[in-house]
Every structure is written in structure tokens, then in C-alpha cells.
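Here the structure is a predicted model, which means the values were calculated and not measured.
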Amino acid sequence: MAYKKIAVLGCGNIGMSIIEGILRKKNIDQGDIIATKRNVDNSALKGSAIRIITENIQAVRDSELIIIAVKSYNFIDLLKEIKNYLDPQKHIIISVTTGISIGRIKNETDVRIPVFRAMPNISASVNSSVTCISHNGEDIEKAEAVKSLLDNIGTTMFIEEQLMESATILGSCGVAFVLRFIRAMIQGGIQIGFDAATASSIVNNTVKGAAELLIEGHQHPEKEIDRVTTPKGCTIVGLNEMEHNGFSSSLIKGIVASFERIER
């Protein structure tokens, strides 16, 4: 079965990032995408061939792959709104909402609909998201359809559902953690003499290069760190000063604190 028609229910930050990434990739016909949004007139999607509507039920009727991207406090109400229009032979649900389990989605819809959870991040808009996907034993064809769609916005991987909250912290919240680190590096660069634009360019590309080293080389970060920390050199002095002030510890504590918050 070929899945073509896609509905994105909820065009907040993550919903818009997914759509923007799909548009950049140009692998999917814009006319096959339906987006629901409360205020159509203010949509950044106006001018594209994407159908922008306010009715979730109509979007479900006209689609096959349904991405639900609403806030968790609106999720169950949305399911109740659309559940009578879900067809197990036609539809697949992909939830990118935090904290709502596959089991709960299936219980609330009360139909044997294929359900997947996915956790992308806002880098989807530039086709650079890392997206973790989980399901409870759906067949290979449906899993591949979901993966194929989400491959358009970056790197995908399947994980156990019990790790989805952890994936949220590391892959989604993690964008903010990395950006705060980048901001601090830029501020330091300005203090040692660069203008803001030059510091930003150096730092952004340095971070990109460091990530590529690990992705391409499949190495532990410490191995690459050893290559630039010469005895009595300026790199090890800077690293030690950061560690004396709790750099790694504070980052780990922040990750754990975010995880504990989402688990409540």
C-alpha cells in the first residue's frame, strides 16, 4: 500500500518545522499535504500548494498519514474529535506529542488504528532533525512508510517506547542545550576580540565540524579531544577551567532535571 496524503494536525513550532523540512526536501508533492491551523490567514504556509484548513475532521478524511503535533493538554480532546473518522485500513497515526503513550492513544480512539510515536526536533526545518520512532509491533510496511516520511526531515532511528521521554530530552530539549552552549562560546569570542558576526560564524562552523568528526568517525568525543589537548597547551587549560566550574556536571544535571520534570 502506498501512503501519499499527509495531514499535520497542529502547526505550532514542531508541526511547522516538519512541514518546512518536507518542503525543502521536495520529495513530496505539496498538494498531498494538509495542515490544520486555527488562524489560516496568519499562516506562513500561505502561498504554497499545501491545503491549510481549520477542520481536523476534514483533514483526517482526506489523508492517510496523520501527524498529530498539538500540545499534550489538547491531545485527548483532539483524539475524541477525530476518532469516529479513523479507518484502520486507511490511516496511520504518528504522534509527535510528548508524554502520551501509544497504549493511551489506542484506548482513547477505541479502534485498531496503527499508532507510532516520533520525537523530532526543530532542526527538522533544515532537514537536520534526529527523529526517534517507536511502535508496538506494527507491520514492516507501515513502519517503513513512517520512516520514509520522517527521513525527509533528517536522521531517523527506531527505539523502544520506554525511551521516548529520554529521547525528548536528549534530542528535542537538547537543541536548546547546544544552542545555549553556542551562545556562550560566541560571547567568549566577542570578549577576546571578535565582532559578533565573525564570532558566530567561527563558532557555528566549529560546532558543525566537531559533530561531523564524531558522525563520520564513529569515535567517542574523548578520543578527538585527546588530539587537540597537547601537554601544557591552551586547550587543556581552558577545558580544566571549565570543569573546575562544573561544566560537565551542570550539563548532566540539567539533562536529568529536564527528564525528571517530564516524568512527573
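Not counting sequence neighbours, F181 has no partner by the ring-ring contact (aromatic ring centres under 6.0 Å, His included) test.
Two different hydrophobic clusters hold I202 and M185 under the rule that ILVMFWY side chains link at heavy-atom gaps under 4.5 Å. A continuous path of hydrophobic side-chain contacts links L251 to I169 [ILVMFWY only; heavy atoms under 4.5 Å].
A salt bridge (charged side-chain N to carboxylate O under 4.0 Å, His left out) with R51 holds for exactly one of D29, D62, D32; it is D62.
T97 and F75 get closest at one heavy-atom pair: OG1-CD1, 3.3 Å.
The backbone N or O of A49 sits less than 3.5 Å from a side-chain atom of Q30, completing a donor-acceptor pair. Remark: the backbone N or O of N121 is not paired with any side-chain donor or acceptor of S123 at under 3.5 angstrom. Although no hydrogens or angles enter the test, the distance criterion places a donor-acceptor pair under 3.5 Å between the side chain of S250 and the main chain of F247. D110 places no side-chain N or O within 3.5 Å of a backbone atom of K106 that could act as its donor or acceptor partner. Side-chain atoms of S201 never come within 3.5 Å of backbone atoms of A197 as a donor-acceptor pair (strictly under, hydrogens ignored). Although no hydrogens or angles enter the test, the distance criterion places a donor-acceptor pair under 3.5 Å between the side chain of T36 and the main chain of G10. No donor-acceptor pair under 3.5 Å is formed between the side chain of N152 and the backbone N or O of I22. T131 places no side-chain N or O within donor-acceptor distance of the main-chain N or O of L150, the cut-off being under 3.5 Å. The closest donor-acceptor contact from the side chain of H91 to the backbone of I66 lies at 3.5 Å or more, if one exists at all. For the pair S17 (side chain) and S125 (backbone), a donor-acceptor distance under 3.5 Å is absent.
K83 and E108 are not joined by a salt bridge, as no carboxylate oxygen comes within less than 4.0 angstrom of a charged side-chain nitrogen. Electrostatic pairing of E161 and R104 does not count as a salt bridge here, judged by no charged N lying under 4.0 Å from a carboxylate O. For R117 and E165, the salt-bridge test passes: some basic side-chain N is under 4.0 Å from an acidic carboxylate O. In this structure, K147 does not pair ionically with E144, as no charged nitrogen and carboxylate oxygen lie closer than 4.0 Å.
Side-chain contact between I225 and E222 is present, with at least one heavy-atom pair separated by less than 4.5 Å. Considering only heavy atoms from C-beta on, K25 stays 4.5 Å or farther from I153 through its side chain. Taking 4.5 Å as the limit, some side-chain heavy atom of I18 sits within range of a side-chain heavy atom of P120. With a 4.5 Å cut-off on side-chain heavy atoms, R183 and V203 do not count as touching. Taking the side chain as every heavy atom from C-beta outward, T98 and S72 never approach each other to under 4.5 Å. Residues I105 and I68 fail the side-chain proximity criterion, which asks for heavy atoms closer than 4.5 Å. The closest side-chain heavy-atom distance from D151 to N27 is not below 4.5 Å. Taking 4.5 Å as the limit, every side-chain heavy atom of I34 sits out of range of all side-chain heavy atoms of K5.
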Step-by-step side-chain contact (heavy atoms from CB on, under 4.5 Å) determination, T235 to T230: CA-CA 7 Å; T235 304; T230 54; over 6 Å; no
side-chain contact (heavy atoms from CB on, under 4.5 Å) evaluation trace for L149 with I94: CA-CA 10 Å; L149 171 62; I94 307 168; 4.0 Å; yes
I102 and S134: CA distance, side-chain angles, deciding distance, side-chain contact (heavy atoms from CB on, under 4.5 Å) verdict: CA-CA 9 Å; I102 290 172; S134 65; 4.2 Å; yes
